Protein chains: 4
Amino acid sequence: MTTPVDPDGGSARERILAAAEELFAARGFDATPTSRIAERAGVPKGLVHYYFTRKPDLLGALVERLPRERVDRAAVIVPGDVTQSLCRLVAMLDEMLAASATLSHLLWREADTHPAVRDALHERFDRLVEVIRDVVVGAREGDERGVETVALLLASAVSYRHSVTRHAGDESAARAEMTRELRFLADALDAGVS
Amino acid sequence: MTTPVDPDGGSARERILAAAEELFAARGFDATPTSRIAERAGVPKGLVHYYFTRKPDLLGALVERLPRERVDRAAVIVPGDVTQSLCRLVAMLDEMLAASATLSHLLWREADTHPAVRDALHERFDRLVEVIRDVVVGAREGDERGVETVALLLASAVSYRHSVTRHAGDESAARAEMTRELRFLADALDAGVS
Amino acid sequence: MTTPVDPDGGSARERILAAAEELFAARGFDATPTSRIAERAGVPKGLVHYYFTRKPDLLGALVERLPRERVDRAAVIVPGDVTQSLCRLVAMLDEMLAASATLSHLLWREADTHPAVRDALHERFDRLVEVIRDVVVGAREGDERGVETVALLLASAVSYRHSVTRHAGDESAARAEMTRELRFLADALDAGVS
Amino acid sequence: MTTPVDPDGGSARERILAAAEELFAARGFDATPTSRIAERAGVPKGLVHYYFTRKPDLLGALVERLPRERVDRAAVIVPGDVTQSLCRLVAMLDEMLAASATLSHLLWREADTHPAVRDALHERFDRLVEVIRDVVVGAREGDERGVETVALLLASAVSYRHSVTRHAGDESAARAEMTRELRFLADALDAGVS
DNA sequence: TATGAATGAGGTTTCATTCAT
DNA sequence: AATGAATGAAACCTCATTCAT
């Protein structure tokens, strides 16, 4: 009934994780039976508990798979042009985050009840603030005034959108808005606001 | 085991809703048995289903209870001072939202799987953007340049923080950050950024 | 949702019985909640148990309502013509039984588990055999040979059809068959078979 | 409390079906908890739903088990002697039906509410009419006059008795009656009635 | 006389987990 | 290493029945 995960998509263990990711994101952790995960992964029911003794272990393994996005600052920064730098950063982040969209959405949902998940999420937000700050400071060649505030604002906006993407509809409109916002912030910095 | 809701806190129906709100927010909808809701509300198990035939009906009733925050624009706007106006607005919103903090956090979590919840949340975000815009334009006495962007940025920041409040720790620090951010945005507008 | 029994159709007590009859016949005794009976009768839930303390009391009252069909032998018998006599008898029985079709069907179903119902049903079968015998003997002016057997055969056929009417489809075809059968039996008697 | 089904009586699945058959026949489908079926079969409660996801699936499986009685016409027909042929047929049917007496009684009860059951029952009735017709025509060496009527009458009588056996008492008396009836019908045919 | 809120026992069903193979 | 039959705790929900009004 459910479209199975590509049967040749890696090892059984891998397929189980992929199935869990999709189903957890779609219906939530508690509402997803391990039996359905097995079914969707195309493996026997026993195998799920063979690899992941308890159900929460699946979440743990999923967190491990969160890509540690390493942004190459140098590749993004356009010296003297904050707007352009942020545009390139956001584009790169979008790409990275899109690759793990369902995963991060699901983690978002389960952050409350699973501390390991919550920590991973906070860590990611902090990394996000940091990279934005680095890029802004880099583009402004050392001027740090106002940068912290802008980083937080932008990180909030990116995170908010990312976490809500699932519900929202028009993606290109969202991207246009995002561009307007970061240009606004960049212009503000250029105007000396802090 | 669980601390029961104040037994004199209104009708049985009311106590059931209060208990559901707390428990859903704490552990999630699916992880909360109706029996525990009854226990916490200090009512017999059957009464929960007497008032709310199916479990999701509890969510529905909870959404009904979301306060329709009506912000009196005139009471907030300080003509000519966007920063001050936004400060007062955010303070008022904080107060309003704090009253329904657990409720909105829980709705946030369940938005994916319960369309009624999702719609209520989107509606609330839209109202948030609108009131911010009104206040900014009011304070700037009609100047609308840049206002939409600022409204979206600020609404994102408010929503993000509000939805994550539960995980985060230091509330006063969060408030200070928020103040810095809205001042930044106000200054940017004053500097003519758009 | 359910089409209510005619609200002016007699007293509340009467309407409750009518609703119970329909619902019991349609879905069975155990599968029919008293609340649905109340709903269909257009009376408050408490009233059902006010009139009929326990649910099985409804069945008891329904059995009471079984019409004690009194067949006037003289009005049916055509002296010397068994076939015609039986035709008239069956027609009369059909009419009588049709009036209580749903009721007797439901009793049929519940006969196993409710002794009072079972007894009422056996009693009715015996009365059926008796009246057939009387009519046949009356028509044959005293000749009793073979009559008992014919009475049993015909009573079985009538009962079988009547109890199955609910499932079967074509009623007029059933009637035609029945006519053929009783003519066969009458002819057999005329031919001296016993 | 309930006498358990013979614990060595086949597989667990088999024992569950046997227990369900007995209990459904005794108290009806709706009045029999699956928990009691498990108890009687001597298996844990969960196993019932492991094999039969929903309760009605038990009925479905029971219908599957209805023996498709294949009557060997040649072994029954006594050429030229309709009475004797029918006697042998009825004896054989009695034996066959006795083996599934409780089962068919229960199906009879539940025919209204479970279409699959109803269909199985109608099918069985049609097979019954057919085999009677074949036997009568076979014994009369091709003479088909009156045979359809006799077949229907006899099938009704057999079915009626079979379905009511549960309530009735004296089985040997019932058999004697049946013999008298089929002799009557056979004689009628011999006498040229149609 | 009539009502409907309230109760709690008990029904069906789901599911994580175990374990013999 | 892999399997799937088996288990039983516990979830959701229904409903006859009671009772204060």
Side-chain angles (χ1 to χ4, degrees), chain A residues 11-13 16 20 29-39 41-58, chain B residues 11-13 15-16 20 27 29-39 41-58, chain C residues 11-13 16 20 29-39 41-58, chain D residues 11-13 15-16 20 27 29-39 41-58:
Chain A
S11 66
R13 191 176 186 282
I16 290 170
F29 177 79
D30 288 300
T32 302
T34 54
S35 62
R36 189 121 67 205
I37 295 173
E39 185 189 332
V43 302
K45 195 160 57 110
L47 203 55
V48 174
H49 284 92
Y50 177 70
Y51 283 127
F52 309 94
T53 318
R54 307 266 126 108
K55 197 181 169 191
D57 297 346
L58 278 165
Chain B
S11 66
R13 204 190 118 100
R15 291 211 308 283
I16 290 169
R27 322 217 67 95
F29 178 79
D30 287 302
T32 302
T34 54
S35 61
R36 188 119 67 203
I37 295 173
E39 187 188 331
V43 302
K45 213 170 35 160
L47 201 56
V48 173
H49 286 94
Y50 175 70
Y51 284 123
F52 309 96
T53 316
R54 312 257 128 112
K55 200 182 169 188
D57 296 345
L58 277 166
Chain C
S11 67
R13 190 176 186 281
I16 290 170
F29 178 79
D30 288 300
T32 302
T34 54
S35 62
R36 189 120 67 205
I37 294 173
E39 185 189 331
V43 302
K45 195 161 58 112
L47 203 56
V48 174
H49 284 92
Y50 177 70
Y51 284 127
F52 309 94
T53 318
R54 307 267 125 108
K55 198 181 170 190
D57 297 346
L58 278 165
Chain D
S11 67
R13 204 190 117 100
R15 290 210 309 282
I16 290 169
R27 322 218 68 93
F29 178 79
D30 287 302
T32 302
T34 54
S35 61
R36 189 118 69 204
I37 295 173
E39 186 189 333
V43 302
K45 213 171 37 160
L47 200 55
V48 173
H49 287 95
Y50 176 70
Y51 284 123
F52 309 95
T53 316
R54 312 255 127 112
K55 199 182 170 188
D57 295 346
L58 277 165

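Quantities reported herein were computed from a predicted structural model and do not represent experimental measurements. In the text below, chain A, chain B and the rest are named by the order of the sequence lines, each starting its count at 1.
- What separates CD1 of I16(B) from P of dC12(F) is a distance of 14 Å, to the nearest Å.
- Residues passing the side chain to side chain contact (heavy atoms under 4.5 Å, CB included) test with S35(B), sequence neighbours excluded: P33(B), K45(B).
- With sequence neighbours left out, P44(B) forms a side chain to side chain contact (heavy atoms under 4.5 Å, CB included) with L47(B).
- Between the CZ atom of F29(D) and the P atom of dT12(E) there is a distance of 8 Å, rounded to whole Å.
- Note that CZ of R13(D) and OH of Y51(D) are 8.0 Å apart. Values are rounded to the nearest 0.5 Å.
- For S35(B) and S35(C), each mapped to the nucleotide of DNA chain F holding its nearest heavy atom, the one lying further toward the 5' end belongs to S35(B).
- Computed from coordinates, the F52(D) CZ to dT14(E) P distance equals 15 Å when rounded to whole Å.
- Taking the side chain as every heavy atom from C-beta outward, D57(A) and R54(A) approach each other to under 4.5 Å.
- Not one N or O on the side chain of R27(D) forms a donor-acceptor pair closer than 3.5 Å with the backbone of T32(D).
- Remark: P of dA16(F) and CD1 of I37(C) are 8 Å apart, rounded to the nearest angstrom.
- Along DNA chain E, the nucleotide nearest T53(D) and the nucleotide nearest T53(A) are compared for position; the residue whose nucleotide lies closer to the 5' end is T53(D).
- When the C1' atom of dA11(F) is taken as reference, atom CG of L58(B) falls 14 Å away, rounded to whole Å.
- One can place CG of D30(D) at 15 Å from P of dT14(F), the figure rounded to the nearest angstrom.
- Here dC12(F) is the nucleotide among dT14(F), dC12(F), dT12(E) with the atom lying nearest to any side-chain atom of K55(B).
- Put simply, R54(D) has a side-chain N or O that comes within less than 4.0 Å of OP1 or OP2 on dT14(E).
- Scanning for side chain to side chain contact (heavy atoms under 4.5 Å, CB included) contacts around T34(C) gives V48(C), H49(C), K55(C), with sequence neighbours left out.
- Between dT1(E) and R13(C), no contact under 4.0 Å exists linking OP1 or OP2 to a side-chain N or O.
- Taking every heavy atom of both residues into account, A20(B) and L58(B) meet most closely at CB-CD2, 4.2 Å.
- Comparing atom distances between the P33(D) side chain and each of dG11(E), dC12(F), dC13(F) picks out dG11(E) as nearest.
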Protein N or O to nucleotides 4-7 of chain F N or O, pairs below 3.5 Å:
residue, atom, partner, partner atom, Å
dG4(F), N7, G46(A), N, 3.3
dA5(F), OP2, Y50(D), OH, 2.6
dA5(F), O5', Y50(D), OH, 3.0
dA6(F), OP2, Y51(D), OH, 2.0
dA6(F), N6, K45(A), NZ, 3.1

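- Helical stems involving DNA chain F, defined as 3 or more consecutive Watson-Crick or G-U pairs under 3.5 Å, span E:2-21 with F:2-21.
- Regarding E39(B), its CD atom lies at a distance of 14 Å from the P atom of dG8(E), rounded to whole Å.
- Considering only side-chain atoms of T34(D), the nucleotide from dT13(E), dC12(F), dA16(F) that sits closest is dT13(E).
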